[in-house]
Every structure is written in structure tokens, then in C-alpha cells.
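The structure appears below as C-alpha cells.
Chain A is the first sequence line, chain B the second, and so forth, proteins listed ahead of strands; every chain is numbered from 1. Computed from a predicted structure; not experimentally measured.
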Number of protein chains: 2
Amino acid sequence: MESRNENSVNGEIELGSRETEVTVANNRNMREHDVVLRFVALAFNVTATVVLGVDRENKTVPVRLVATQPPVNVQVDTKSHYVASFLYFVVANAIASGHVAMSLLLILANRKGNKGITMMITLFDLVAIVLVFSGVGAAGTIGLLGYKGNQHVGWHKVCNVFQKFCGQAIASIIISAIAGTILLLLVVLAIFSLYKKQ
Amino acid sequence: MESRNENSVNGEIELGSRETEVTVANNRNMREHDVVLRFVALAFNVTATVVLGVDRENKTVPVRLVATQPPVNVQVDTKSHYVASFLYFVVANAIASGHVAMSLLLILANRKGNKGITMMITLFDLVAIVLVFSGVGAAGTIGLLGYKGNQHVGWHKVCNVFQKFCGQAIASIIISAIAGTILLLLVVLAIFSLYKKQ
């Protein structure tokens with residue numbers, strides 16, 4: 001009886017240590033995926049911030065003031081911070097970049113996988129998602145108005161003049177939407193992992 | 001020895017049943033909070049959808065075509081679906097309403113707390129958050145342009161004419177932002193509960 005008990009105890013210990021090994025390996029794997037995805041999200045968030053943040057264009061446009069006279073060249077310029085929604089987009093992406101950079105440092109420092117830190121990162125990921133996607137909605141609306149205008153309201157399109165400016169803005173919005181999707185994926189993975197551990 | 005073993009086994013069973021009771025009570029409490037918050041979110045999402053969905057205004061505006069002549073009365077009208085971003089906002093809030101209504105039914109039917117269903121609801125909550133907040137960003141931009149215009153781009157304000165229409169739009173945007181915040185709170189509570197169970 002005693003020897004059977006000893007065996008079973010050893011068996012449990014062996015099983016326990018194997019489970020711990022698998023859990024540790026899974027956690028390490030999760031953390032590696034997390035770190036890689038965060039690096040990609042950071043690169044996209046920073047790119048989106050910079051690409052729209054520095055976006056500007058100066059153009060000389062011929063304007064016909066009197067129908068019978070030749071057109072007059074007029075210097076027109078545009079900058080992203082002329083439009084409040086573009087400014088919001090840039091600030092939102094800058095904050096998201098700061099959060100992702102900070103979370104990367106915390107994850108790399110938090111090798112033991114402290115639950116509280118992991119949870120706080122996931123909660124701030126949620127805030128970053130809200131910032132990024134509301135920014136995409138806001139800047140996307142300006143982009144759409146720039147390309148199409150709105151004849152009902154009387155807002156004319158401007159992207160036929162500022163082609164480079166608009167192209168850069170649209171690129172930045174797409175890049176930011178990808179960054180937001182990666183942040184969303186990180187939260188989805190965190191939730192999956194929590195449900196699995198439950 | 002035997003009686004001590006029996007006592008300890010009974011003690012474990014008692015402790016176990018008490019823990020189970022506490023867990024069941026906590027789960028019931030969580031589900032009650034969840035159901036109440038979802039009802040509130042549903043009410044806000046549906047209200048936001050309807051308030052902007054039916055938003056329209058007809059006005060007679062005096063327009064002076066020639067400086068020396070008296071102004072001519074012109075009939076102008078506006079509807080929310082004239083603006084693509086308002087349409088997106090309405091559709092996004094309608095989808096979020098549908099999701100919240102469906103999730104309520106699933107939670108009420110899922111009394112045993114099936115893990116898979118609970119997780120799927122949380123993941124769709126995330127999608128609803130993205131839809132609602134991108135809609136708030138998009139419609140908020142139109143609202144801001146309506147109230148302030150943008151002199152750099154040459155888009156004039158229109159809310160001095162369509163005051164009722166703009167007021168209704170802003171109310172809808174604020175209501176939707178509250179609905180989005182409640183959905184965010186639901187995901188935060190789900191994550192908290194998962195970390196506690198870990």
C-alpha cells in the first residue's frame with residue numbers, strides 16, 4: 001500500500017511538473033507573440049502619427065477672377081493641423097504609440113508574468129483601441145470630404161488640388177487602422193488566453 | 001486516525017461547497033450587472049440610431065442674389081443620410097444595437113454560464129466598441145464642421161441655418177458615446193472577472 005501511495009505521489013509530482021513546463025512554455029510563447037505584435041503595432045502607430053503630422057502641401061493654382069481675363073496664379077497651402085480632426089488623429093496615434101512603447105517595456109521587464117501588470121496593459125490596450133478607431137473615423141471623414149466633397153451641404157472637394165497631401169493623409173489613416181486592428185488582436189488573444197486558463 | 005481522516009474529508013467538502021456557493025453567488029451577481037448594463041447600452045444605442053436616423057430639417061432662408069434687390073426666400077432642406085459619415089454612424093449604432101439585443105438573449109438563455117458563449121459575447125462587444133467609437137469620430141467631425149466650418153479648406157458652417165438638425169445630431173453623438181463607454185465597461189468587467197478566476 002505504502003509503495004503504491006509513493007508511486008502515485010511521484011506520478012502526481014511528475015504530472016504536475018510536466019503541466020507546469022507546458023504552462024511555462026505556453027506563457028513564453030504567448031509573450032513572444034505579444035512582443036512581436038506590439039513591435040509591429042508600435043511601428044504602424046508611429047508611422048501614422050508622423051505621416052499625417054508632417055503632411056503639408058504648397059501649390060500654385062491658376063484662378064480666373066474675370067471671365068474675359070487670363071487666370072491669375074494664386075499660392076495656396078494646406079497643413080494637417082489646419083483641420084481639428086486631423087490634429088485629433090495625430091494626438092490619438094501619438095498617445096497609442098506611447099502606450100504601446102510603455103507596454104513593451106513593461107512586458108519585457110515583467111518576465112514573471114505578474115497578473116496585475118498584464119491586466120493593466122490589456123485595459124490600456126482597450127483605451128488605445130478607442131482612441132485609434134475614433135481617430136480613424138474622424139480623419140477618414142475629412143479624407144472622404146476632401147475626395148468627394150458634399151454637394152448637399154456645399155462643401156467642395158479639395159483633393160483635386162492637394163493630391164499629394166490627400167494621398168499622404170489616406171495612407172496614414174490606413175496605417176493607423178492596421179495598428180488599431182493589431183491592438184484589437186492583442187486584446188482578443190489576451191481574452192482567449194484567460195478563458196483557456198479558467 | 002480514520003476518524004481524523006473522515007473529519008478532514010468532511011471539512012474539505014464543507015469548504016468546497018462554501019467556495020462553490022460564493023462562486024455561484026459571484027457569477028449570478030456578475031450576470032445581473034451585465035444584464036442591467038446591457039439593457040442601458042441597448043437603450044442608448046437604439047436612441048442614438050433613431051435620433052440621427054430620422055434627423056431632418058426644412059427651412060426657408062432669405063438669400064440676397066443682387067445687392068440692390070430685396071432678398072429671395074429659398075427652401076433648403078437637410079437629412080442625415082445626405083452625409084456619408086452620418087449614414088455610417090447610424091448603421092454602426094444599428095449593428096451595435098442588434099449585437100447588444102442578441103447578447104442579452106444569449107445571456108438570459110445561457111444560465112449555466114457556458115464559457116464559449118460568454119467569450120464570443122465579449123469578442124463581439126469589442127467589435128461593437130470599434131464600430132460605435134469610429135462612428136462617433138466620423139459623425140463628430142461632421143458636427144464640428146457644421147458648427148465651426150473650416151476657413152482654411154473653405155468649408156462654411158451650416159449649423160447657424162440648421163440649428164434643430166445640428167442639435168439633434170450632437171445629442172445622438174453624445175448618446176452613442178455613452179453607449180460605447182458602457183460596452184467598454186462590460187469588456188473591462190469581463191476581463192477583471194477572468195483575471196480574478198485565474
Just by distance, no angles: are the side chains of [X] and [Y] close enough, under 3.5 Å, to form a donor-acceptor pair?
X        : Y        : answer
B:Ser134 : B:Tyr88  : yes
A:Thr141 : B:Ser85  : yes
A:Arg38  : A:Ser103 : yes
B:Glu57  : B:Thr78  : no

Taking every heavy-atom pair that is under 4.5 Å apart, which of [options] has the most such pairs with chain B?
options                               : result
A:Val153, A:Val127, A:Val136          : A:Val153
A:Trp155, A:Phe89, A:Phe162           : A:Trp155
A:Val76, A:Val187, A:Thr118, A:Leu144 : A:Thr118
A:Leu131, A:Ile129, A:Asp77, A:Leu145 : A:Leu145

Name the region of A:Phe192, side chain, backbone, both or neither, that has any atom closer than 4.5 Å to a heavy atom of chain B.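 Both parts, backbone and side chain.
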Let me know if A:Val83 has heavy atoms under 4.5 Å from chain B in its side chain, its backbone, both or neither.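 Both parts, backbone and side chain.
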Give the member of B:Thr122, B:Val132, B:Leu184, B:Ile191 that has the highest number of heavy-atom pairs under 4.5 Å with chain A.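 Of the candidates given, the most pairs with chain A belong to B:Ile191.
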Heavy-atom pair count under 4.5 Å with chain A, highest-scoring of B:Lys148, B:Gln151, B:Met119: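 Of the options given, most contacts go to B:Met119.
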Tell me if a side-chain donor or acceptor on A:Ser176 pairs with a main-chain N or O of A:Ser172 at a distance below 3.5 Å.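 Side chain of A:Ser176 to backbone of A:Ser172: no pair is present.
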Mind listing the closest non-hydrogen atom pair of B:Ala139 and B:Phe86 along with its distance?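 Smallest heavy-atom distance, with atoms named: O-CE2, 3.6 Å.
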